[in-house]
Structures are given as C-alpha cells and as structure tokens.
Amino acid sequence: MKFNNRNIELGSNVQLGKNVRIGDNTIIYDNVVIGDDAIISNNCIIGEPLNAYYHEPSYVNPLLSIGSNSLIRSHTIIYAGSEFGPYFQTGHHVTIRENTKAGSHCSFGSYNDIQGNCEIGNFCRFQSFVNIGQQSVIKDFVFIYPYVVLTNDPTPPSENIKGVFIDAYAQVGAGTTVLPGIKIGKHALVGAATTLDIDLNDYQFATGAPAKLIGDVRKMPFFTDNQRHYPWPRNFSRGMPWQESGYEKWLAEQPNH
Amino acid sequence: MKFNNRNIELGSNVQLGKNVRIGDNTIIYDNVVIGDDAIISNNCIIGEPLNAYYHEPSYVNPLLSIGSNSLIRSHTIIYAGSEFGPYFQTGHHVTIRENTKAGSHCSFGSYNDIQGNCEIGNFCRFQSFVNIGQQSVIKDFVFIYPYVVLTNDPTPPSENIKGVFIDAYAQVGAGTTVLPGIKIGKHALVGAATTLDIDLNDYQFATGAPAKLIGDVRKMPFFTDNQRHYPWPRNFSRGMPWQESGYEKWLAEQPNH
Amino acid sequence: MKFNNRNIELGSNVQLGKNVRIGDNTIIYDNVVIGDDAIISNNCIIGEPLNAYYHEPSYVNPLLSIGSNSLIRSHTIIYAGSEFGPYFQTGHHVTIRENTKAGSHCSFGSYNDIQGNCEIGNFCRFQSFVNIGQQSVIKDFVFIYPYVVLTNDPTPPSENIKGVFIDAYAQVGAGTTVLPGIKIGKHALVGAATTLDIDLNDYQFATGAPAKLIGDVRKMPFFTDNQRHYPWPRNFSRGMPWQESGYEKWLAEQPNH
C-alpha cells in the first residue's frame, strides 16, 4: 500500500521533483516546489494559504519550497511563503507558518509550532512541542528540547516584537521559557525548566527559574564523572556533517573557521 | 482549488448559513448550526459526538452552534454541545470538548485543548498550546500565552473540581501553571513561567515559581523606559472594539461602565 | 452517519475482531491486530511504518496489537511494533511511536507524545500534552497531568539515554519536568510545575523548582481541611478495579499483596 496517490489534491503550479512520493489525503496548494526524492506523508497540508486567501479574490499563494530528500510526516501543515533546504524533516502534527526560512538537514519534532517570520540555520534539531515565536533567529547546529517556548513580546499585548537569538551549537533544555529579545551565545547550554531572562555568552551554562549562571560548559563534567561532555560536538556526531571525520578535523576544514 | 466540497461528510440537521465554505476531508456530525460567511477549513471534525455515541443506540448529538464569520482552521475538532459567538477563530490542531460557551471575536490558537464545561467571554485571545481545564470561567478581553495550563483538581485524583476564574483584561504569561480555584482580577498580569498559587486582585502583577506579588501594573513602566504600558487597552487596539475610537472613549460609552 | 467505512484504507494482514468499527479517512497499515469491539475513530493512522519503510524495499511492518474494547480517538497516530492491552483509550491528536508496551485500561490524553521504547503498566491515566521519553518505565495506576515531560538525556545531546522510572500509584502534577533517570516511588506525589531532580521514596511528596521534599503524603491533609486524601485509592475509584469493592478489600484480594 505504498504511496498510491489516493485522495490527493494538487493545486496549480505544483512542481514535484523526481521520485517525490505523496501520502493519502494530502493537499498541496498552488505554487509549491518539492525537491527530488522528498516524501510528503499522509493527511498533510502543504502550501496552506495565508489569511488573505479567504477574502481577497485576487489572492496568489506565495511560493513554498521544500528541499530534496525531505520527509514531512503525517498531519503536518506548512504554510505558503516559506523555504526549507534539503533533508528537511518534520515529525507529526507540526504547524509552520509563513516566512519561515530554514537551511539544510533541519528536523522539527512532532507538535512543533513555528510561528513564521523567523530564520533557522542548518542541522538544527527541535524535539517535540517546540514553539518558535516570530522574529526568532537561530543559527546552525542548535538543539531545542521539548516544551520550549521562545517568546517575543516584552509588554504584552503589543506590536513591539523582539525575537530571541540563539547562536550556533547552543542547546535549550526541556520545559524552558525564553523571554523576549534574549540572546544565547555559541555552545551555551540552558538547563531544563529554566526561565531564561538573562543573555548568555558563548559557552555559558545557566539553569533555574529565574536563570542563574552556573559556569563554563568546557570546565564542567556535569553528570558524567571525570569526563567532560562539552563542547558536545566532540562527543556526538549522529547525523552531523562531522560524522565521518570527527568534529575537530571537520571544523579545521571549514572556510570561515 | 478553493472550496470544492471534496470528500465532505455532512450529518443530518446540519444548518449552514449563507456563503459557508467547507474544506476538503471535513466531517460535520448531526445537529450543527454554522452562521453566515463562516469557513470550516480542511480535515476538521465539527460536532464530534460525546462518549455515549459509541454505546447508546438512542444517542442524539447535542446542538453545536458556531457564529457567523467564524474561521475554523484545519485539523480542528469541536465537540457537539457547545456554543461560539460570531467571528470565532481557531488555529490548527485545536480540540474543544462539550459544554464550552464562548462569546464573540474569540481566538483559540493552534493546539489549544479546551476541556469543556467552561465559560469564556468576548474578545479573548489564547495563543498556541493553551489548556483550559473544566469549570474555568474567563471574562472578556483576556489574553493567555503559550503553554499555560488552568488546572482544577486540588487533591488529585478526585471529583472535587475547582476551576480557575480570570477576570476581564487579565493576561497570563507563557509557560504558567495556574493552580486549582485561583482567582485573577481585572487587568492583572501574570509573568511568564509563573506557578500561580495565589489569588490576584485587580491590576496586580505577579511572577515567579512560586508566584510573588511585584506591584500594581499601573505604576510600573516594566520593560519600556519611562513609559507606562498598562492598562494595556490604552496601547493596544488591534482587533479590539475600541480600535476606531480609542479605549477611553469606547469605555465611557459602555452601558455598565 | 455512524461508521460507514468511507475513505478507509486497509493494508494486508489486518486482523479486525468482532464488531470493530473504523471511522472515516483512517488508514491502517500492514500487520495490525485489533481486538473485539474496539473503535478506531476518524482520520487516524494505525500501524504507521517505521523509518526503514521509506528506503528499504524489503521492509516488513512489525506487528501492532490493540486490545479489545479500545477507543482510539480521531487524528491519532500509532506506529507499528507496539502492544496495547484491552480497554485502551486515546484522546485526539495523539502520537505513539514504536516499541511502546502498555497494559490494560490505560488512557493517553489528547496531544500525548509517547516516544516509544517504553513500558507502561495497567490503569495508567495521562492527561493532555504528556511527553514520555524513550526508556521510561511506568507501573500500574500512575496518573500524569498536563504538560509533563519525562526527559532521558543527562548530557544532551548524547546516546547515553537514562529513562525515568515511576512506580505504582504515583502522580506527577501539571507542568512538571522530570530529569533523566529519576525514580519516583509508589504513591509518591509530585506537585504542579516541579523541576524534579531528586528521587522520591514511596509516599513522598515533593514540589518546587527545583524540587523540595515536603513530607509523607499519608500524614498531610493538604488542601482538604482535616481530612486526609492520600493514599488516593481510598478516595477515588472511578474506572479503577476497586470501584465496586473499595480499595482495601480489593487490595487484600490481590495475589501478590
């Protein structure tokens, strides 16, 4: 019963690459481009129209581009007007609004709610129930764990939006609320269930509600006796570009290193 | 490809107003009334039957009423036996159980889980991932931010349910847990990631885990230098009934002011 | 309009018991066994294939077994390779991954995200938005309230997974983050919005962020004046096996008491 194109609806100007497979009961609206070898699974809505669709007769769906080799799991909704690089993955029941730009090899877990108007780098991994507010900027190799919310309104309700910035290799622990406009440095670590109301420099570790600075991740063995885990790329490589070569060798080969 | 009635299932005694549009793969069960110019988008279930439906042969679906000009976004499930005023909106993947009553111009964000047996006023806005326990009572113009849960059982598990009460113009920040039976006054503000185990009087601001009273919202500039943001209706009007006239003028014209 | 088999897709080797009813737009993949009198509601995906399905031509879906009298509510996704006892229930929009084993009479609320590779006992009740990490072990009669996450990686990101263990009759309050490898004893109680970074012995009560031990649940009236609520089975029996006889009588009759 593999991909028999049952109850699929395709809009106009839908450009499917080679070997794209589409699951049952999936709807793809106008002006969607899907790269080679991508899979859109069952019950998805791809290119969901923006609000103007419902009342403007001249509405034209903005372009949505999903890279090659992507895997969009079932019951995912992706709005028109966004761009995702190759090897993009979603879990189930994901919602991604317009003007989201993500690089290659990103993975957004089940029940992620990406509010749009945000920039996400390459090789980012968000686990389940991650809520990314508008104007968030997230660089490469960032890990975000379940039930994290990146807020953006310092004086609610208002139009005065200040997004969160998370630099490369940083991690945000489960159950954390990040306050509007907070900046998190490279390789920084936010512990679980933190209320992050302070900026973190590169390599800083903070945790607590409200957050307290604990120290430098490079100096702390944390939960593993006598063995330093951070910077984490030395110890974790599954799915990362340094999986074959190791992190130090890979890093030395990067052009802007 | 706008609203072509593809794979729609309508029960008996479904009353659709003028110009109601229904998306693909949507199911509407018996005894549902939808007002003029409303839109029910794709993959929704409207009038979801109560549990008795599965085992009582004489089951009759209680009435569900959705007001005119409402917009129910895709993958939303609304149980039978509820009532929503005009200009009601939902995000995606919303679930609303029976005996929910909401006024006009309410907006329930994506992944809202409204447990039923609750009353919600007019012009309330819930962002994503808001969980409203049974017996909650929420008045007009209340804003609730992501990952807020209104609990209701002080001695779990029990049948001794005590709902949360939130008065008009109050706001509850992201990631907040409100304990059973708590009362939040008019224009009160609950900061992000608060564990709210105390009642708040009108205009009080509290934050922290557990909550601490910080002060009166009218006296505090908070995050904007030398400019007072609260009461917020003076500074925010998008979609509110005072959008044209301004809050003070609108308020003076209200009959019960 | 009760269960008319509209737009249903059944894979090969799907074994349906007597009087199984399947809702509209539901897909059941290969090698699924569903017990007598079970109901699978609308828009579900049952036996969702594992990742190898997408690229291994010889992929065979592992067996999924759902017990008799189960009720799987709409928009639920259950992966292949799991086993659920009789009287299993899910809410809406649930996701359950492979290698999940749950006993009889379990109930997983709406938006539960069960990550797989976990063991769950009998008569467990999870409310909405519960996130169960891999390697979690949960015994009988455990109650978990909304927005609880059981984490499992003490040094993220890593492959060094340490699941949470929750013993029988324990309860975990709303908004709680449980850290990796934590053990919660029998009849223990975790208050709402707790960051649980300590193990709890049987009957201990802890709350706070970070958690503090408060005392023994058997000695504390908590929120009910002059009346002890715990151990809770003496005061709560709805849907429990002691509903007819009372807890003490039922307990005395258990073989391993």
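Numbers restart at 1 for each chain; the letters A, B, ... are given by sequence-line order, proteins then strands. All heavy atoms count here, side chains included; hydrogens, waters and symmetry mates do not. Predicted model only: the values in this text are computed from it and were never measured.
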Out of [options], which one racks up the most heavy-atom pairs below 4.5 Å with chain A?
options	answer
B/G175, B/A209, B/G23, B/P146	B/P146
B/S128, B/G173, B/A192	B/S128
B/N235, B/N42, B/N7	B/N42

*asked:* In terms of relative ring orientation, are A/F129 and B/F129 parallel, tilted or perpendicular, with 30° and 60° separating the classes?
replied: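 A/F129 vs B/F129 ring planes: perpendicular.
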
*Look at the rings of A/H75 and B/H75 and say which category their plane angle falls in: under 30° parallel, 30 to 60° tilted, over 60° perpendicular.*
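The rings of A/H75 and B/H75 stand perpendicular, inter-plane angle above 60°.
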
*Which bit of A/V148 comes within less than 4.5 Å of chain B, counting heavy atoms only: side chain, backbone, both or neither?*
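Looking at A/V148, just its backbone touches chain B.
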
*What part of A/P156 gets closer than 4.5 Å to chain B, counting heavy atoms only: side chain, backbone, both or neither?*
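For A/P156, heavy atoms of backbone and side chain both lie under 4.5 Å from chain B.
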
Under 4.5 Å between any side-chain heavy atoms of [X] and [Y], yes or no?
X	Y	answer
B/R6	A/I27	yes
A/P157	B/Y145	yes
B/Q89	A/N51	no

_Contacting moiety of B/S74, where chain A heavy atoms sit under 4.5 Å_ =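 For B/S74, the contact with chain A is made by backbone and side chain together.
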
*Contacting region of B/S237 [heavy-atom separation from chain A under 4.5 Å]*: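 Neither part; nothing is under 4.5 Å.
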
Does the side chain of [X] come under 3.5 Å of the side chain of [Y] through a donor N or O and an acceptor N or O?
X	Y	answer
A/T95	B/H93	yes
B/N4	A/E9	yes
B/Y147	A/T177	no

*Indicate yes or no for a side-chain donor-acceptor contact from A/Y54 to the backbone of B/L71 under 3.5 Å, with no hydrogens or angles considered.*
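Flag not set: sc A/Y54 to bb B/L71 has no pair under 3.5 Å.
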
_Interface residue of largest heavy-atom contact number with chain B, from A/N131, A/T151, A/D153, under 4.5 Å_ =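 Top option by heavy-atom pairs under 4.5 Å: A/N131.
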
_Greater than 12 external heavy atoms within 6.0 Å of B/F165's CZ_ =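 Check passes, neighbour count above 12.
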
*Within a radius of less than 6.0 Å around CD of A/E56, do more than 12 heavy atoms belonging to other residues, nucleotides or ligands occur?*
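Enclosed: over 12 neighbouring heavy atoms sit under 6.0 Å from CD of A/E56.
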
_Using 0.5 Å steps for rounding, measure from the CG atom of B/D24 to the CD1 atom of A/I8._
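If I round to the nearest 0.5 Å, the distance is 12.5 Å.
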
